[in-house]
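Quick notes on the structure that follows.
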Amino acid sequence: MELNDHGLDERLRALARPDASVAERVAARALTAPLQQRRPVARRRVAFAVACALVVAVIGLWYLPRHSATVPATPARETVGMVLVRAPDGSSLIFSTGTPADDAPEGSGFVISEGDHR
Amino acid sequence: MDLDSVVRELSPRLLGYCYLRTGDPSLAEDLTQESLTALVQHWRRYGSPDSPAAFVFAIARRRAARALLRRRLWLPLDLVERTASTWGDPEASLVVRTEREQLVAALSDLASKDREVLLLVTVGELTLHDAAAALGISVSAAKMRALRARRRLRQVMENGDGTE
């Protein structure tokens, strides 16, 4: 079926043409009651959205902090003290003792953080 | 040009536009009423806009886009409501695809920018100048989009699926 531009436009207009009474009713409502434009469905949906938001807020703020498992802190290198060792020749070394870490000298049990030779 | 006659003249055009834009008569009625109400309020406060048609269609276009987005979010609830309303009535749940529904489906195949111009110019009966003003684009761009939309829609309607 061949359709020219005019035919296509006419077909679109014909299919979209509303019932005259509906158009008249809408126009009259717009002219006479501009403040009552929301229909009850919209209000129901707003109420539903607010109720959902409240439920989510209650779960988020009250329930979860009390019932969620405590996540253990990741073991970190823990420095428990510093040791200053002074050699007879006057030079000194500072050791920090703590949990062996990946970068600690193997078998040492502590981490050399700084060396200070004098 | 008085407000009353302008609103009554724009109402059917706006309804048709909103219907083809959303595919939902009830939503189209809401959008039309809200857009016309905005026009009435603007008119009473500040006087007539330069082009009442461009003014009201620009509002309808934005509101339709927002309404479609909202409807996507509310789809599960809509399905429940629709199921409840046709419950026990098997005939009502048998939906026959009418020509109008097929046209809405064909329109949904168009690029959204092209569809906007086509609907404003044909169903909304705006001039290209007003349609361009409502969309915030140049007249030549509106003309090009309308041409492209007509060509594509003709393909879809003639071939059924839009294939060459």
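- Residue-level contacts of residues 140-147 of chain B with chain A do not occur; threshold 4.5 Å between heavy atoms.
- Linking Ile, Leu, Val, Met, Phe, Trp and Tyr whenever their side-chain heavy atoms come within less than 4.5 Å leaves B:Leu31 and B:Ile59 in two separate clusters.
- By the rule that hydrophobic residues join a cluster once side-chain heavy atoms approach within less than 4.5 Å of another member, B:Val6 and B:Leu15 end up as members of one cluster.
- Below 4.5 Å, heavy atoms of chain A meet heavy atoms from B:Leu118, B:Val121, B:Thr122, B:Val123, B:Glu125, all part of residues 113-136 of chain B.
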Handout entry: Full working for side-chain contact (heavy atoms from CB on, under 4.5 Å) between B:Thr37 and A:Arg29
Key = CA-CA 8 Å; B:Thr37 301; A:Arg29 273 205 304 247; over 6 Å; no
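- Taking hydrophobic clusters as Ile, Leu, Val, Met, Phe, Trp and Tyr residues chained together by side-chain heavy-atom distances below 4.5 Å, B:Leu10 shares a cluster with B:Tyr19.
- Here A:Arg13 pairs with A:Glu10 under the salt bridge (charged side-chain N to carboxylate O under 4.0 Å, His left out) rule; sequence neighbours left out.
- Under the 4.5 Å side-chain heavy-atom criterion for Ile, Leu, Val, Met, Phe, Trp and Tyr, B:Leu110 and B:Ile137 are members of the same hydrophobic cluster.
- The salt bridge (charged side-chain N to carboxylate O under 4.0 Å, His left out) test applied to B:Arg13 returns B:Glu9, not counting sequence neighbours.
- Note that the CG atom of B:Leu153 and the CG atom of A:Leu8 stand 5.0 Å from one another [nearest 0.5 Å].
- Within the 3.5 Å criterion, the main-chain N or O of A:Glu24 finds no donor-acceptor partner in the side chain of B:Ser11.
- Hydrophobic clustering places A:Trp62 together with A:Ile59 (ILVMFWY residues linked when any side-chain heavy atoms are closer than 4.5 Å, directly or through intermediates).
- Annotation for B:Asp50: atom CG does not count as buried by contact number, only 12 or fewer foreign heavy atoms lying within 6.0 Å.
- Scanning all heavy atoms of the two residues, the minimum distance from A:Ala30 to B:Leu36 falls at CB-CB, 3.6 Å.
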Handout entry: Trace of the side-chain contact (heavy atoms from CB on, under 4.5 Å) decision for A:Val26 with B:Leu14
Key = CA-CA 10 Å; A:Val26 170; B:Leu14 203 55; over 6 Å; no
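- In plain terms, the two heavy atoms of A:Leu31 and B:Arg44 that are nearest each other are O-NH2, 3.2 Å.
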